[in-house]
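Below is one structure, written out as structure tokens; comments come after it.
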Amino acid sequence: MAASTFCPALLPLLRINCKFNGVYTRISLNRRAAYSLGLTASNGVERQGLPERGNQGQRRQRRAVEPRTERMTVDQDWTAVYPTAASFKPNSVPLPVRMGYPVKRGVPPAKKGNLELIKIPNFLHLTPEAIKKHCEALKPFCTEWPAALDSDAKCEEHFPIQVESKAYVSAGPSLRNPNARIITLTVKLSSLNLDEHARKKLIRLSGERYNKDTDTLTITTDSCPMKQQNYDYAMYLLTVLYHESWKTEAWEKEKTRADMEEYVWEDSPSQKNILETLLRMRPLGEKEEEGEVREELLGRVEVQEYKDSVTKLKNEGETETNMQQYKEAVKKLLNI
Amino acid sequence: MAASLRHSTLFTTVCRQLNSTLWLNVGGRSIHSSAVCCKNRAARIRVGKGDRPVTYEQALHPHQIAHRKGWLSQHTSNLQGEDGAADRTVEDLFIRRLIYGTFHGCLADELVIKRRGNLLVICALMLQKLPPHKYYFLVGYTEELLSHFYKCPVKMEIQMLEEKSVYKYL
């Protein structure tokens with residue numbers, strides 16, 4: 001209380017002294033009054049008449065202008081206040097926000113001069129109205145999705161090759177990211193024009209890159225420094241694979257039974273064994289041609305069933321159904 | 001004889017002292033021989049008489065960051081799989097020193113540095129120490145200098161305060 005009465009009383013003296021003694025007197029008076037000014041600063045009453053701290057030589061008094069929030073109407077255009085991303089301005093946001101850990105038996109600090117509110121990112125520039133305006137502005141640059149491509153299947157049919165690439169955004173002076181050069185190309189082999197031999201050869205050539213369950217070939221390229229170069233390289237690889245798989249080299253004739261990808265029943269030991277068994281089972285005395293007998297035997301339904309069950313077992317592995325099928329086929333064949 | 005006696009008594013007293021350190025003799029005074037553990041003094045203003053005004057930033061110690069305090073500098077380099085953290089940190093330090101010197105005595109609180117893409121935003125709270133036209137000049141000068149230095153757009157958003165906002169008195 002003593003402090004608050006001290007300052008106005010000295011005011012005329014201060015002003016007179018300024019004219020004659022210049023800056024020095026004012027500084028010393030200000031320093032002594034600084035602490036008391038600090039304590040009473042929250043009262044806005046004496047503010048008007050007091051000169052600003054450290055305003056050396058400035059006789060002009062800077063009155064505190066009322067903040068913009070006082071003159072804001074309720075139905076104003078908020079997108080004009082925060083058109084772009086900006087830090088929190090307490091005099092532009094008409095909300096009585098408080099932020100910070102409160103002092104004991106106190107409240108969180110007010111928004112004026114609150115660094116915490118400035119630190120955090122705010123979304124005051126992204127109100128629904130603002131987003132609507134953005135969409136309206138972007139519409140002239142957008143085109144409609146083609147009406148013919150209304151399902152995934154159609155998209156697959158017309159655009160079988162899918163190319164994926166990633167773009168990276170980060171905060172810093174440079175926008176280059178070396179991971180952005182990686183390209184992944186996926187294509188389903190069913191959409192390529194391949195015959196049996198070409199398909200098998202392509203699968204063999206691609207090795208790890210082919211996924212049997214989804215029938216997709218995935219080519220990932222990252223050996224070139226630029227994205228465009230990697231894309232060209234991936235397309236080149238696909239082209240080469242396709243053309244090479246259609247060609248038949250001279251040495252491919254030497255493919256043995258061990259090189260086969262899946263089990264084939266014709267000319268297998270299983271076929272020979274079953275034919276021998278069936279021949280032996282025939283009653284003696286009937287002299288027929290070997291070739292005809294073989295053809296006849298092979299044409300029988302039970303033999304066909306046996307052939308199916310054995311092929312399934314060898315190709316798919318041992319499951320309940322496969323074993324059951326094999327059992328039934330053998331029983332039928334041997335008339336058990 | 002006397003000398004040996006004296007030595008033996010000295011020896012026994014020394015042994016007793018060593019024993020007492022081992023057994024934590026509360027009553028006796030003994031030499032402590034453990035490793036030194038100094039108090040943490042980073043970014044802390046120690047509690048004093050109660051006449052020193054401190055801001056929120058100064059009052060809360062660094063272990064309160066992410067609990068009661070936010071971060072003064074934001075960028076994506078500290079995320080998983082991102083690089084450039086060291087470069088951004090060095091840039092931040094340089095910017096803080098530059099602005100502390102350019103606006104000497106005018107800063108009310110620490111700088112807040114934000115990066116939006118390649119735009120560098122420096123948010124500062126200033127006291128009304130200089131006439132406005134000087135502030136405008138200094139802001140323009142800093143922006144121009146830093147954008148030429150770092151080859152990216154630099155913006156300063158300053159807010160004026162009459163005096164530093166006091167959080168408590170330590």
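In what follows, chains are A, B, ... by sequence order, proteins preceding strands, each numbered from 1.
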Heavy-atom cut-off 4.5 Å, strictly under: side chain, backbone, both or neither for [X] against chain A?
| X | answer |
| --- | --- |
| B:K69 | both |
| B:R88 | side chain |
| B:T76 | both |
| B:Q74 | side chain |

What closest approach, in Å, do [X] and [Y] show between heavy atoms, and which atom pair accounts for it?
| X | Y | value |
| --- | --- | --- |
| A:S170 | B:E82 | CB-OE1, 3.7 Å |
| A:A171 | B:R115 | CB-CB, 3.7 Å |
| A:P90 | B:Q159 | CD-OE1, 3.2 Å |
| A:K112 | B:S165 | O-CB, 4.5 Å |
| A:I118 | B:K114 | O-NZ, 2.9 Å |

Mark yes when over 12 heavy atoms from residues, nucleotides or ligands other than [X] sit less than 6.0 Å from its [atom1]; otherwise mark no.
| X | atom1 | result |
| --- | --- | --- |
| A:K227 | NZ | yes |
| A:Q229 | CD | yes |
| B:R46 | CZ | yes |
| B:F94 | CZ | yes |
| A:Y231 | OH | no |
| A:Y233 | OH | no |
| B:R52 | CZ | no |
| B:Y141 | OH | no |

Given heavy-atom pairs under 4.5 angstrom as the criterion, report whether the side chain, backbone, both or neither of [X] touches chain B.
| X | value |
| --- | --- |
| A:A86 | both |
| A:P109 | side chain |
| A:P102 | backbone |

Would you call A:K119-B:E57 a salt bridge at under 4.0 Å N-O?
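A salt bridge is present here (some side-chain N lies under 4.0 Å from a carboxylate O).
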Can you check whether B:G70's main-chain N or O pairs, donor with acceptor, with A:E116's side chain at less than 3.5 Å?
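Present.
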Are the side chain of B:Y167 and the backbone N or O of A:Y101 linked by a donor-acceptor pair below 3.5 Å?
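Confirmed, B:Y167 side chain pairs with A:Y101 backbone.
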Chain A: which of B:M160, B:R68, B:E91 shares the most heavy-atom pairs with it under 4.5 Å?
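Going by pairs under 4.5 Å, I would pick B:R68.
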So which of B:L119, B:V166, B:D109 has the biggest tally of heavy-atom pairs under 4.5 Å with chain A?
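Of the candidates given, the most pairs with chain A belong to B:D109.
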A:L115/B:T55 under side-chain contact (heavy atoms from CB on, under 4.5 Å): CA gap, chis, key distance, verdict:
CA-CA 9 Å; A:L115 201 67; B:T55 59; over 6 Å; no
From B:D83 CG over to A:N179 CG, what is the distance, rounded to the nearest 0.5 angstrom?
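Answer rounded to 0.5 Å: 8.0 Å.
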